[in-house]
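Note sheet for the following structure.
Since this is a predicted model, take the numbers as computed values, not measurements. Start at 1 and go down the list; that is how both ligands and their atoms are numbered.
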Amino acid sequence: MTPADTRIAVVGAGLAGMTVAGLLQRAGFPVAVYEQAPFFARIGAGIILSANAIKVLRRLDLEAKLVATAIAPAAFVSRAWDTGATTYRLDFDVEAEARFGAPFLNVHRADLHKVLETALTPGSLHFGHSLVGLEQRADHMRLTFGSGQTAVADIVIGADGIRSVVREFLFGAEPPRYTGRIAQRAIFPTGRILGGPIDDCTKWWGEDRHILSYFMTSRRDEVYLMGAVPAPPWEHEETSRPGSRDDFIAAFAHFHPDLRRILEAAQEVNIWPICDRPRNDTWSTGNVVLMGDACHAVRPYMAAGGVSAIEDAAILARCIARFGSPAEAFRCYEATRIPRVAEVQRISIENSWMHHDAAVDWFFGYDACSAPLTEPR
Ligand SMILES: Cc1cc2nc3c(=O)[nH]c(=O)nc-3n(C[C@H](O)[C@H](O)[C@H](O)COP(=O)(O)OP(=O)(O)OC[C@H]3O[C@@H](n4cnc5c(N)ncnc54)[C@H](O)[C@@H]3O)c2cc1C
């Protein structure tokens, strides 16, 4: 498996797909990325990128661009829904940056995508390519897209998210698991909030619900709110739909006034079903391998799904570059990633991360670009 003659097809241009494609291209592999969407839409949502993700994106020379686009929040603060008491605080100061090896950045997802796109070889990202067929031919894989177009590759990486079609080809159709909660999301200008300044990044913990509020730009001019609340089974076709501002405010009406005054500023609200997948320890078959939400979708309660997808990218790229065969590469990738991701899955189900004093170095201090690979047995 020499880089130049190993053609790699990445299905899905999300965080996982874009990062692995950029890293493999830098290692000399010809990589094509196939994305179903006709272009990147400006989805109304933010994302928290912890230091362990930034250390990977740094390898793509994206750190400075992200710092210019995103906000490095002063701290992450956990507060009790009723008293407003701080139950945990992690300051992101110079000491923390040295301790974890990179800054923490909160960013608008669309801005993150724009930055990630700059890491790819021009012409290697193909929009409007929705994978509908995947076949093993004598010595290559053949991909078929909804448009009727086809492509060939030696390795196929399924980075196509929680409803992965590549996963379906490997293991059959299996819908994601609805967790009994929806996410209510809103983005609005900071100027709409009455009263004094607000903190950069706060998670408010209730008994059966929580809500996160943070800025997404260093100008602190846009606020992102994401509440997770119990809800009946999701019976809509779409995976996101308009919600109601009144319902959002009502869901947190009993919370502390510091939160309520931020919530009152919300305008448009969107709702999403919160889904995950049970742990599954098979991430590859033959020349096809999964990464990110396609193989380990988690509940968004640790802000670690996207970060884990970025870590996957670093480990998978290293394994493909190091081993002579896809089988060996994928065994090493699985052996290295599965135990760590399993811990992220466990904590995300528990929804306990940084609620109270927490040991966080194992997660934030990790550098997927230099951490030891686990030799497959
Ligand atoms: C409410 C909420 C908040 C979250 N907050 C955070 C956070 O703060 N920090 C964090 O790290 N994570 C967070 N996450 C999790 C994070 O969003 C996901 O884990 C992450 O997006 C997974 O990246 P991915 O690249 O694997 O999949 P995706 O981002 O879903 O990307 C998959 C891509 O594949 C494409 N695709 C799908 N099917 C096909 C097909 N057939 N053919 C071609 N292309 C296809 C899709 O269009 C998409 O572009 C949150 C999730 C939710 C729901």
Worked check of salt bridge (Lys or Arg N to Asp or Glu O under 4.0 Å) between Arg99 and Glu95:
CA-CA 6 Å; Arg99 174 175 159 202; Glu95 198 183 303; over 6 Å; no
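- Considering each of Arg185, Arg181, Met226, Arg167, the one bringing a non-hydrogen atom nearest atom 2 (C) of ligand 1 is Arg185.
- Hydrophobic clustering keeps Ile162 apart from Trp272 (ILVMFWY residues linked when any side-chain heavy atoms are closer than 4.5 Å, directly or through intermediates).
- Distances below 4.0 Å separate heavy atoms of His129 from the following atoms of ligand 1: 42 (N), 43 (C).
- Atoms of ligand 1 lying under 4.0 Å from at least one heavy atom of Ser130, given by number and element, are 41 (N), 42 (N).
- Aromatic ring centres of Phe104 and Phe364 lie closer together than 6.0 Å.
- Looking only at protein heavy atoms, the nearest one to atom 25 (O) of ligand 1 is Ala16 N, 2.9 Å.
- Within the structure, ligand 1 has Tyr34 among the residues with a heavy atom less than 4.0 angstrom away.
- Protein heavy atom closest to atom 37 (C) of ligand 1, with residue, atom name and distance, is Asp160 O, 3.3 Å.
- Using modelled atom types and a 3.5 Å distance limit, the side chains of Ser213 and Trp204 yield no donor-acceptor pair.
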Side chain to side chain contact (heavy atoms under 4.5 Å, CB included) evaluation trace for Thr285 with Phe169:
CA-CA 10 Å; Thr285 298; Phe169 284 118; over 6 Å; no
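- At a 4.0 Å heavy-atom cut-off, ligand 1 touches Ala304 through the backbone alone.
- The option from Ala159, Ala183, Gly12 that lies nearest to atom 32 (C) of ligand 1, judged by heavy atoms, is Ala159.
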Under the side chain to side chain contact (heavy atoms under 4.5 Å, CB included) criterion, do Leu131 and Tyr34 qualify, and how do the steps go?
CA-CA 8 Å; Leu131 186 82; Tyr34 299 103; over 6 Å; no
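- Residue Gly17 places no N or O, backbone or side chain, under 3.5 Å from any N or O of ligand 1.
- When each atom of ligand 1 is checked for a heavy atom of Val165 under 4.0 Å away, the hits are 41 (N).
- The shortest heavy-atom distance from Arg109 to ligand 1 is under 4.0 Å.
- Here is the list of ligand 1 atoms found below 4.0 Å of a heavy atom in Gly292: 26 (O).
- Between Arg59 and Cys369, the shortest heavy-atom distance links the atoms CG-SG, 3.4 Å.
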Audit row: His108, Ile187, side chain to side chain contact (heavy atoms under 4.5 Å, CB included) steps and yes/no
CA-CA 10 Å; His108 196 297; Ile187 289 180; 3.7 Å; yes
Could you walk me through whether Glu264 and Arg245 pass salt bridge (Lys or Arg N to Asp or Glu O under 4.0 Å), step by step?
CA-CA 9 Å; Glu264 285 288 342; Arg245 176 180 181 272; 3.7 Å; yes
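- Taking only nitrogen or oxygen atoms, main chain and side chain alike, Leu15 reaches within less than 3.5 Å of ligand 1.
- Annotation for ligand 1: atoms under 4.0 Å from non-hydrogen atoms of Val11 are 42 (N), 43 (C).
- Ring geometry for Tyr224 versus Tyr214: interplanar angle over 60°, hence perpendicular rather than tilted (30 to 60°).
- The distance criterion of under 3.5 Å between nitrogen or oxygen atoms is met by Leu131 with respect to ligand 1.
- Looking at Gln36 next to ligand 1, an N or O pair under 3.5 Å apart turns up.
- Using cut-offs of 30° and 60° on the angle between ring planes, the pair Phe255 and Phe252 is perpendicular.
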Salt bridge (Lys or Arg N to Asp or Glu O under 4.0 Å) between Arg89 and Asp199, worked out:
CA-CA 12 Å; Arg89 180 182 174 96; Asp199 284 335; 5.3 Å; no
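- Where the criterion is an N or O separation shorter than 3.5 Å, residue side chain and backbone included, Met291 fails it with respect to ligand 1.
- Checking only distances, Ile48 does come within under 3.5 Å of ligand 1, N or O to N or O.
- Residue contact check for ligand 1: Ala37 places no non-hydrogen atom closer than 4.0 Å to it.
- Of the protein's heavy atoms, Ile47 CG1, 3.5 Å lies nearest to atom 7 (C) of ligand 1.
- When the heavy-atom distances from atom 27 (O) of ligand 1 to Gly158, Gly161, Gly227, Gly14 are ranked, the shortest goes to Gly161.
- Interface atoms of ligand 1 facing Pro300, defined by a heavy-atom separation under 4.0 Å, are 2 (C), 3 (C), 4 (C), 50 (C), 51 (C), 52 (C).
- Residue Pro232 comes nearest to Tyr178 through the heavy atom pair O-OH, 3.1 Å, listed as atom of the first residue, atom of the second, then distance.
- When only non-hydrogen protein atoms are considered, atom 20 (C) of ligand 1 lies nearest to Gly306 CA, 3.8 Å.
- Among protein heavy atoms, atom 47 (O) of ligand 1 sits closest to Glu35 OE2, 2.6 Å.
- Among all protein heavy atoms, the one lying closest to atom 18 (C) of ligand 1 is Asp293 OD2, 3.4 Å.
- A perpendicular orientation is assigned to the rings of Phe127 and Phe40, their planes being inclined by more than 60° (bins at 30° and 60°).
- Contact detail for Asp154 and Asp5: the closest heavy-atom pair is OD2-O, 3.5 Å.
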